[in-house]
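Have a look at the structure below, then the notes.
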Amino acid sequence: MSKTKFNTHHGMVDLLPGEIEQWQALESIVRETARLFHFQEIRTPVLEQTELIARGVGQLTDIVSKEMFAFDRGEDRYVLRPEGTAPVARAYVQNHLAQRGGTQRLFYIGPFFRAERPQKGRQRQFHQFGAELIGASSAIADAEIIAFMQTVYNRVGITNTSLKLNSVGDPESRDAYRKALYNYFQPISGKLSEISRKRLETNPMRILDSKEEEDQPLKIDAPKIFDYLSNRSKEHFNAVTDHLERLHISYVLDPFLVRGLDYYTETAFELTSPDLGSQDALGGGGRYDLLIEDVGGPPTPAVGFACGMERLMIACDALGITMADPPGPDIYFVTRGEAAARWALEFMPDLRTNGLVCTMDYSGRSLKAQMKDANRQQARYTVIVGEQELEKNRITLRNMEKSEETTVHPEELAGSVTAIQKSR
RNA sequence: GAGCCCAUAGCUCAGUUGGUUAGAGCGCCAGGUUGUGGCCCUGGAGGCCGUGGGUUCAAAUCCCAUUGGGCUCCCCA
């Protein structure tokens, strides 16, 4: 372990054949779900301006204050993007997507970076898929976004999840609530954990999602945000829950759910799984009605979600879910002699044109070794070609699963295998 | 930034109170079958016992340091 000359950085891993198939299958599910919801993909650069992230995500958040991979080059300040929403918001403004009219329905899949201490379900380079609905203020948009997220997990087969829902209100509601929290916690600040005492001054709402032992009893009687929501915020939130019920999406109200990014307004949600261990959030999101304006666009309401792909994989492992098909080729050419190998090389392109997955031995090994390799690759058929076959113009087709062999004319090969391919 | 645990073959791990040449299973390569996979049998390759220092006649084993990894807190996906 770890004495090779070069290694990946801490918290960054290679995805190798054998596991990558699962990732590709997940990406297919995300893309297919996006297609059904009529969202289109957007790809933004991995590097963004540091200032965009600092502004968008929030100067005081942990992400910005201590978890960014950032560097300067001349006048320019670069940061490896730690999340997807601020970059998408930037792209929306920069490319004048508002001018295209209507609501922009965007999704993305890609790597993100945070310089945290790695642990289970947390890598320094991690991957998320997410979607953003920009230019829609209706609670229907919130419901659609949640439905999109939920659909991906349903299609993967992860169903034992819990959707937590809260509202963080509009700015006025939140200011009032912050004050109420401050007034509640301030007199008892001596009993708070050290971290929460700091939060009291910077962002009292963050005390609510504290996991510190000593904070738990103090949280219970804290003021609830529902009591401070403006009528407009209340109506919006009630509409969201109505729509979720309409969609038969179950949820639990969680007044302690406060998401760590500053740009959230109104609806906040998080999807958790009992199969993840300590980092139990599969994904989350919410409304961010002020962000587009913050990064230089017109006032534009928006709502979105982001989900951790590594965490989804952990849940799959725990549940024994396999999304990928077995990878074996349809035909493996086992050849004997140079002439046969050349023959096979020349024969494969037509088969591939017909949609058959085929491969062969590349190192002139013994027949036995080639058979063994075909077996290891889980080939469905082997075609055995040697001098005899070339002379008679008949090749041996072996069904690897049934261990049955037939001899066929080369021209018949594609036909017979295609017939079998259909039947599987 | 803090705490706890771990480090022996490609992988999973044995290795006794310090004592010869460091082992097993799986995997890999080959032979048994000079043209046939899986099962079986036989053989082979593959280790500076994470690294550096110390104690000792003798260290994979004990001590110290260091590096890497895992988990947890914080926070987030």
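Numbers restart at 1 for each chain; the letters A, B, ... are given by sequence-line order, proteins then strands. Keep in mind that what you see is a predicted model, and the values were worked out from it rather than measured.
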- B/G3 P sits how many Å from A/Q119 CD, rounded? 16 Å
- Using a cut-off of less than 4.0 Å, is there contact between a side-chain N or O of A/H10 and OP1 or OP2 of B/G69? yes
- Message: Heavy atoms only, 4.0 Å cut-off, all strands: where does A/E389 land among base, sugar-phosphate and nothing?
- Response: base
- Item | Distance, rounded to the nearest Å, where A/Q388 contributes CD and B/U36 contributes P | 11 Å
- Message: Base, sugar-phosphate or nothing for A/G130? Non-hydrogen atoms, less than 4.0 Å.
- Response: nothing
- When you get a sec, tell me which of B/U72, B/C29, B/C74 is the closest nucleotide to the side chain of A/K120? B/U72
- Query: Relative to the 5' end of RNA chain B, which residue comes earlier, A/E401 or A/A369, by the nucleotide with the nearest heavy atom?
  - Reply: A/A369
- Tell me which nucleotide among B/G37, B/G70, B/A77 gets nearest to the side chain of A/R117. B/G70
- Figure out the CZ/C1' separation between A/R124 and B/G68, and round it to whole Å. 13 Å
- A/E346/A/R342 ion pair, N-O < 4.0 Å: no
- Message: Here's a test for you: under ring pair (Phe, Tyr, Trp, His ring centres under 6.0 Å), which of A/F107, A/F129, A/F148, A/F305 qualifies with A/F39?
- Response: A/F148
- Task: Give A/E83 one of three labels, base, sugar-phosphate or nothing, depending on what nucleic acid heavy atoms sit under 4.0 Å from its own.
- Result: nothing
- Given atom CG of A/D280 and atom C1' of B/U72, what is their separation to the nearest angstrom? 14 Å
- Whole-Å distance, A/E67 CD to B/C74 C1', equals 9 Å
- Task: Would you mind reading off the distance between A/D361 atom CG and B/U36 atom P, rounded to a whole angstrom?
- Result: 15 Å
- Task: Provide, to the nearest angstrom, the distance between the CE atom belonging to A/M149 and the C1' atom belonging to B/A77.
- Result: 11 Å
- Message: Wobble G-U and Watson-Crick pairs count when both distances are under 3.5 Å; given that, what is the 5' to 3' dot-bracket string of RNA chain B, with | for pairing to other strands?
- Response: (((((((..((((.....[...)))).(((((.......))))).....(((((..]....))))))))))))....
- Task: Check whether any side-chain N or O of A/E32 sits under 3.5 Å from a backbone N or O of A/I29 as a donor-acceptor pair, and report yes or no.
- Result: no
- With the side chain defined as heavy atoms from C-beta on, A/R311 is closest, among B/A77, B/U36, B/G70, to B/A77
- Write down the distance separating the C1' atoms in B/U33 and B/C41, rounded off to the nearest Å. 13 Å
- B/A77 base stacked by A/F126 (centroids within less than 5.5 Å, tilt under 30°): yes
- RNA chain B nearest-nucleotide lookup for A/E310 and A/N375: closer to the 5′ end is A/N375
- Query: Can you tell which of A/Y108, A/W23, A/F113, A/F112 makes a ring pair (Phe, Tyr, Trp, His ring centres under 6.0 Å) with A/H127?
  - Reply: A/W23
- Message: Measuring only the C1' atom in each nucleotide, how far is B/A14 from B/G23? A whole number of Å is fine.
- Response: 7 Å
- Task: Round to the nearest Å and state the distance from A/Q377 atom CD to B/C28 atom P.
- Result: 11 Å
- Whether A/W343 and A/F347 hold their rings parallel, tilted or perpendicular, with breakpoints at 30° and 60°: parallel
- Item | Side chain A/Q370 and base B/U36 donor-acceptor under 3.5 Å | no
- Listed in order of residue number, which residues of residues 155-168 of chain A have a non-hydrogen atom at under 4.0 Å from RNA chain B? none
- Of the listed B/G37, B/C29, B/U36, the closest approach to the A/R376 side chain comes from B/C29
Identify all pairs in which a protein N or O lies below 3.5 Å from an N or O of nucleotides 40-45 of chain B, and state each distance.
none

- Task: Considering only atom C1', compute the distance from B/U42 to B/C4 and round it to an integer number of Å.
- Result: 48 Å
- Task: Output the single nucleotide from B/A30, B/C74, B/G37 whose closest atom is nearest the side chain of A/R365.
- Result: B/A30
- Message: Does A/E270 reach a base, just sugar-phosphate, or nothing at all? Heavy atoms under 4.0 Å.
- Response: nothing
- Message: So A/L282, base contact, sugar-phosphate only, or nothing? Heavy-atom distance under 4.0 Å.
- Response: sugar-phosphate
- Query: Contact class for A/T382 (heavy atom, under 4.0 Å): base, sugar-phosphate, or nothing?
  - Reply: nothing
- Item | Minimum heavy-atom distance A/S250-A/L163, with the two atoms named | O-CB, 3.6 Å
- Query: Taking 4.0 angstrom as the limit, do A/R287 and A/D142 come out as a salt bridge?
  - Reply: yes
